[in-house]
Peer 1: 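Before I ask anything, let me first share the structure, which is written out below as structure tokens.
The chains referred to below are lettered A, B, ... by the order of the sequence lines, with proteins before strands, and numbering in each begins at 1.
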Amino acid sequence: MKKVKTGIIIPAIIFIILVLCSPLIFLYKSPQDESVQKWNSRITVTDGKVDRDKISKKFTVNKTGEITLFFSFLPVGVEKDDVSNVDINKIGCLTTVVVENEKGEIEYTSTAGSVFLDTTMYLEAGNYTVTYYYHSDAEAFREFANEYLCSQRATEEIIKETGFENFEKNATTDFIYELKVYSDKADRTHTGVILLWALCIGISFGALIAGIFKYSDAPDGKYRYDERQRTEQGRGYRAAFIATAISLIIPLMLGSTGIIGSEFMLFFIILALFIGVSVLIVYWIWHECYFAINENSTRLMIFIGIFGVLNLVISVINFIGGYLIVNGVPTIRCLNLFVALLSLEIFIAILARRAANAKLEAQEGEDEE
Amino acid sequence: MKNLKLKAARAAMDLSQQDLADKVGVSRQTINAIEKGDYNPTINLCRTICRTLGRTLDDIFWEEEE
């Protein structure tokens, strides 16, 4: 009895504590990944020519992910709220921004002459260079656009809208530059922490279920199988092993020849495991070695039914949300669908076995009479 | 090959398959499989069945030559 209590109560307490403490993990935030650079610079335009072509600054992305880049180059005395009042004509030049990675590949190019812009993009960890280019006439901008922008028509439209011909030929402007690099998700709980927590809850729930099944029927803590059942179980393992091996070898062979893309391999590995487990359980149920001697299968049927429906609901939600298949590739979320199908399969196998047994017993009864 | 001797011995003692299974300590399906000839029991199980039914191994498990 003491063993029973330990086997069920301890996992139950751990499971409840973990579930109740779940909100606490959202208090644990990842450190803010943010860098800010500020500097002042004077831009002088003399006879329609800027005193410099460009200036460059370097920044570092510490962690791969979605990064927001915020650029601001406001003339001194202009507040962020008054951006609309900045007259580019008076400044005498247009500024564009180009971000390049360590290999010199372009990650971002601004196309218009805004003095206040931000963009969010996926950047890998590493060093980057941001270069501010200055254009005082259409020809200078056209040269820049030929190198960094792809559409000639768009370039001509920007030139037309900007109106370079109206730019002051002589102007001096002091700018306050600000370059801010930050992760949009920096203030969120790290995905790894959530997954680890979910894993702990899953393990404790599994231990609780195992405890309930192990001790609830047999107070001495033992499920017993007779010799025929053990023999059949061995045959079941063999059948499941062969089924799994075949299910794995076929996609691996097709994958090596290029017929199946590597992105589908995860799906086929899960499918192979699903087939293997299906063969094992159905074989055991059909040969009546899944349940121990005198074990009641109704409880398992109820549990499997609830478990299957829950997973089916999750699968439907994932399907509607478009998470089940992304870009034509089945994702890890297919696991819920497989579990739902497996539950349904077990349910049907038990029902079929019961029906077959009832028929056999009726036949036996007739024979004995 | 069906084991009709086992079935007869069981019926003689007015035992159902489940009753015999409980006494022997196996599942009802195992007794059913032995009677139908789908499973060949080990000598240990044969002895247990014979002891329960008060018969010898020859009585229940020896096949008569035709």
Side-chain angles (χ1 to χ4, degrees), chain A residues 213-214 217-239 280-301 346 348-369, chain B:
Chain A
F213 271 85
K214 189 171 170 60
D217 259 0
D220 58 354
K222 283 181 185 173
Y223 270 132
R224 216 171 61 76
Y225 294 90
D226 64 33
E227 55 176 53
R228 183 195 62 84
Q229 288 177 311
R230 284 197 291 269
T231 307
E232 292 293 356
Q233 282 173 350
R235 287 177 185 157
Y237 282 126
R238 189 177 60 185
L280 182 76
I281 294 179
V282 171
Y283 186 96
W284 281 12
I285 290 172
W286 194 250
H287 290 87
E288 294 177 297
C289 55
Y290 187 77
F291 297 104
I293 299 167
N294 298 329
E295 189 185 347
N296 185 6
S297 61
T298 309
R299 186 179 298 160
L300 182 85
M301 281 184 75
I346 294 171
I348 291 170
I350 295 172
L351 279 181
R353 185 66 258 185
R354 281 185 174 187
N357 279 349
K359 199 177 172 184
L360 280 173
E361 276 173 28
Q363 212 170 10
E364 288 291 323
E366 281 175 15
D367 287 351
E368 282 179 17
E369 277 174 21
Chain B
M1 191 178 179
K2 284 190 177 182
N3 191 335
L4 296 173
K5 290 178 180 177
L6 174 60
K7 198 171 181 175
R10 175 175 63 78
M13 288 187 73
D14 202 21
L15 292 173
S16 65
Q17 285 185 345
Q18 186 64 59
D19 295 335
L20 180 61
D22 292 342
K23 285 178 187 287
V24 172
V26 294
S27 64
R28 188 198 61 77
Q29 291 82 6
T30 299
I31 298 295
N32 185 49
I34 295 168
E35 286 185 0
K36 282 166 64 182
D38 290 343
Y39 175 65
N40 288 323
T42 61
I43 191 71
N44 277 339
L45 182 54
C46 292
R47 282 167 58 196
T48 314
I49 291 170
C50 290
R51 207 174 288 135
T52 307
L53 294 173
R55 304 291 177 98
T56 64
L57 283 168
D58 282 359
D59 289 341
I60 293 178
F61 293 104
W62 192 258
E63 286 176 23
E64 298 289 338
E65 282 184 27
E66 287 181 6

Peer 1: Do other residues, nucleotides or ligands put more than 12 heavy atoms under 6.0 Å from B:Asp59 CG?
Peer 2: yes
Peer 1: A:Arg228 versus B:Leu45: any side-chain heavy-atom pair under 4.5 Å?
Peer 2: no
Peer 1: How long is the gap from NZ on B:Lys36 to CG on A:Leu360, to the nearest 0.5 Å?
Peer 2: 5.0 Å
Peer 1: With only heavy atoms counted, which part of B:Asn44 is less than 4.5 Å from chain A, the side chain, the backbone, both or neither?
Peer 2: neither
Peer 1: Evaluate whether atom CZ of A:Arg354 has more than 12 neighbouring non-hydrogen atoms of other residues, nucleotides or ligands under 6.0 angstrom away.
Peer 2: yes
Peer 1: Indicate the atoms forming the closest heavy-atom contact of B:Val26 with A:Arg224, along with that distance.
Peer 2: N-NH2, 4.4 Å
Peer 1: Relative to chain B, which of A:Gln229, A:Glu232, A:Glu288 shows the most heavy atom pairs under 4.5 Å?
Peer 2: A:Glu288
Peer 1: Side chain, backbone, both or neither: which part of B:Asp22 has a heavy atom under 4.5 Å from chain A?
Peer 2: side chain
